[in-house]
Every structure is written in C-alpha cells, then in structure tokens.
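Here's the structure, in structure tokens; my notes come after.
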Amino acid sequence: MAFIQKQKGIYDSTHAPTWCAGCGNFSIWLSLKKALEQLKVPPHQVLIVYGVGCSGNMANTIHAYGWHSLHGRAVPTAVGAKLANQALTVIVAAGDGDGYGEGLSHFIHAIRGNVDITYLVHNNSVYGLTTGQAAPTASRGYKAKSTPEGIIEEPINPISLALASDASFVARGFSGKADQLVDLIKRGIQHPGFSLVDIFQPCVTFNKINTFKFYFDSIYSLQDDPTYTAADRKAALEKALQKDKLPVGLFYQNTKRPSYASELSYLEGKPLLTASGSRRNLQPLFKEFI
C-alpha cells in the first residue's frame, strides 16, 4: 500500500520509507523536507548522501538528488561532492553506527577541514537494520544481540567529540520535538562550515531502553536558559558531558572559522568544472596508466 498517493510539496517523492510503525526516523524525514521547503532551496540544488542502515531507507523518498554511499563512507562522499560543486546544498543522513562506528575517522577529518556540509545523524544506539546490535553510542551495560551480557565499553559522546575537534556548528535534536528539529536543521544548512546535528531517534522495535518516554523525561532545551550562549565552547563542552539530564538544542556555533572552500580561491563559489583551468586534456595522464 502506497504511503504517499501523490506529490504535495516540492520535496515529496512518490515513494515512502518502510520504517517500523512509530519509528523516530519518520519525524527526521518530515523535518528535513520541511526545513528545505522553508529555506526555499530548489530540489535540483540539493544533494543528500545516505549512509547504510535504517537512515538510508530515506533514499528515494525525498525529491532531490541522492546518493547511497558505502557503509561508513557517506561523509567523504559528501565532502567530495561539495568541493566539486559549491552551488549544491549537501546533506548527509546517516545512523550512529554508520557515522560513529565505521565512519568515525571521516567524521573527525571533515570537522578538521570544516567543509560546508550538514551531517544529520540518526542516533538510536542500535544497528536497527541488522536487528538491534549495540551501536557505539549505546550505554555501558546495554544488553543486545551482540552483547548479551552487557556492553563493557564506554559509549561515544558525539557532541563532546565534535566540540573537542573544534567543529564550528554542533547541535542535538530529538525526533519527538519536530519544531525544534526543523529549526536546528535549517540553521545547520545555513551555517558556512561543517554542521553536526545529532538526533535522538528512538528505535521502537529493538531499543526498549531509550524510548520516546525516556527522552521526554530526560531532555531539556539549552535555549530555554537565557544565560546560555552558544558562542562559548567551554560551556558547550560542560553541557555535552552532563549525565543526569540530556541537553538538546544548539551547543556551539563559530561563524568566524573559515570553511575549507573559502580558503581555496580556485573554487570561486561555483562548480569546479567551470573554474579557471579545470578543463584540461587528461589523455596524456591516462596513457601513463593504460
């Protein structure tokens, strides 16, 4: 049975994801489309690179350019696309296993370069597509198919990791708070550099600990505190390390850090193909290897 009968918005596809009923991914999917519509970015100027996992089930369900990457390789694929064509709005949609497990090194190096892409990480603490193994963000002691006696490792804290690596935009949303999530995605896209939006996304099938109720009882918004400023990286790191409650919202933003492309004059804010000197005869190079 078709989930969508016909296109309604410019980002609506005639296809729909096949997530479990009640999955938090539906909210992320809808929030991303709403954010793009509100920003009035034409679909032909958007590229979404998908990771492998339940997050990748979003592929073909948004009316924009899409690329389904290899496991853990969504970020470098997106970086390459953005550097080749600065006119594109490039977004990565990946899971916490894909992004913080297999793709962890790419995450750190993209932060180092401050390439202008927006990284949306569906964080549910499990590998949902492969039926619930523990992901790198799962809490110590968490029991899953892959760790029946409970995890003995400490969980990765993506927010503190991003801040320690000097990411220029660090935020965290919750799929149960769609209005805030739309705002964070929009701000991440508008930010001139690498943007992390980590998203608490309950897996209703395999994770019976980090449920919607768990998050509603545990989270609070950083921006509800009038004294908090997202310009203070030290304060953001203290919030990221908090364990009794889980802050969501914009942790930190640094608009003064130059993006990768802004320091390369030959990119000139336009597709690399049209840049001066880019049209070269590659035949002599090919002959050296063929």
Side-chain angles (χ1 to χ4, degrees), residues 7 9-15 28-51 55-56 58-70 73-94 99 103 106-107 109-121 162 167-171 181-197 250 253-282:
Q7 292 190 5
I10 61 171
Y11 282 96
D12 287 336
S13 167
T14 54
H15 301 281
I28 300 174
W29 175 56
L30 295 170
S31 295
L32 174 56
K33 291 194 294 182
K34 188 172 183 180
L36 289 169
E37 288 179 356
Q38 290 183 2
L39 290 173
K40 300 185 185 306
V41 185
H44 72 276
Q45 292 182 358
V46 175
L47 169 66
I48 305 173
V49 182
Y50 301 94
S55 61
M58 193 187 296
N60 303 321
T61 68
I62 295 181
H63 183 61
Y65 287 113
W67 181 272
H68 212 152
S69 77
L70 297 175
R73 304 298 183 259
V75 168
T77 302
V79 166
K82 182 63 180 182
L83 295 183
N85 188 352
Q86 291 296 305
L88 285 175
T89 294
V90 181
I91 298 163
V92 177
H106 296 301
F107 172 52
H109 291 304
I111 290 174
R112 289 181 58 229
N114 200 32
V115 178
D116 187 14
I117 63 175
T118 304
Y119 194 18
L120 308 180
V121 182
S168 57
F169 184 100
V170 182
L181 182 55
V182 170
D183 179 65
L184 292 174
I185 293 173
K186 287 170 59 179
R187 294 172 76 168
I189 292 172
Q190 292 174 313
H191 175 75
F194 183 87
S195 302
L196 169 67
V197 184
L250 179 59
Q253 183 173 20
N254 178 7
T255 58
K256 295 181 180 180
R257 184 183 172 194
S259 69
Y260 192 94
S262 70
E263 300 193 85
L264 299 173
S265 60
Y266 58 81
L267 291 178
E268 302 174 348
K270 57 187 178 183
L272 188 59
L273 180 64
T274 63
S276 176
S278 65
R279 301 193 180 206
R280 299 173 181 173
N281 181 8
L282 299 179

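Not measured: the values here are computed from a predicted model.
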Pair L70-T77, side-chain contact (heavy atoms from CB on, under 4.5 Å): steps then yes or no
CA-CA 9 Å; L70 297 175; T77 302; over 6 Å; no
What's the verdict on side-chain contact (heavy atoms from CB on, under 4.5 Å) for I48 and L32, showing C-alpha distance, side-chain angles and the deciding distance?
CA-CA 10 Å; I48 305 173; L32 174 56; 4.0 Å; yes
Would you check, one step at a time, whether the test side-chain contact (heavy atoms from CB on, under 4.5 Å) holds for H63 with D12?
CA-CA 6 Å; H63 183 61; D12 287 336; over 6 Å; no
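Across all their heavy atoms, L36 and V46 have their closest contact at CD2-CG2, 4.1 Å. Between I117 and V92 the shortest heavy-atom distance is CD1-CG2, 4.2 Å. Smallest separation of non-hydrogen atoms from L181 and V197: CD1-CG1, 4.4 Å. Between M58 and I62, the shortest heavy-atom distance links the atoms SD-CD1, 3.6 Å. Considering all non-hydrogen atoms of both residues, S69 and V49 come closest at CB-CG1, 4.1 Å. Summarising the geometry of Y119 relative to G99, their closest heavy-atom pair is OH-CA, 3.0 Å, with the distance given to 0.1 Å.
In this structure, the separation between CG on L196 and CG on L184 is 10.5 Å, given to the nearest 0.5 Å. Distance check: H191 NE2 to R257 CZ gives 8.5 Å after rounding to the nearest 0.5 Å. Atoms CD1 and NZ, from I10 and K40 in turn, are 8.5 Å apart once rounded to the nearest 0.5 Å. How far CD1 of I91 is from CD1 of I189: 4.0 Å, rounded to the nearest 0.5 Å. Distance check: H106 NE2 to I111 CD1 gives 13.5 Å after rounding to the nearest 0.5 Å. The CD atom of Q190 sits 9.0 Å away from atom CZ of R187, with the distance rounded to the nearest 0.5 Å.
For the residue pair S259 / D116, no side-chain donor-acceptor distance below 3.5 Å is found, with atom types taken as modelled.
When K33, E37, Q38 are each tested for a side-chain contact (heavy atoms from CB on, under 4.5 Å) with V182, only one passes: Q38.
With a 6.0 Å radius and a threshold of 12 heavy atoms from other residues, nucleotides or ligands, K34 has its NZ atom at or below the threshold. Atom OH of Y260 has 12 or fewer heavy atoms from other residues, nucleotides or ligands within 6.0 Å. Counting heavy-atom neighbours within 6.0 Å of L39 CG, excluding the residue itself, gives a total above 12.
Checked by atom type and distance alone, the side chain of S13 pairs as donor or acceptor with a backbone atom of N60 at under 3.5 Å. Side-chain N or O atoms of H68 include one that pairs as donor or acceptor with a backbone N or O of G51 at under 3.5 Å. Using modelled atom types, no side-chain atom of S195 and backbone atom of F169 make a donor-acceptor pair closer than 3.5 Å. Of the possible polar contacts, one joining the N114 side chain to the F194 backbone as a donor-acceptor pair under 3.5 Å is found. Side chain of W67 to backbone of A81: no donor-acceptor contact under 3.5 angstrom is found.
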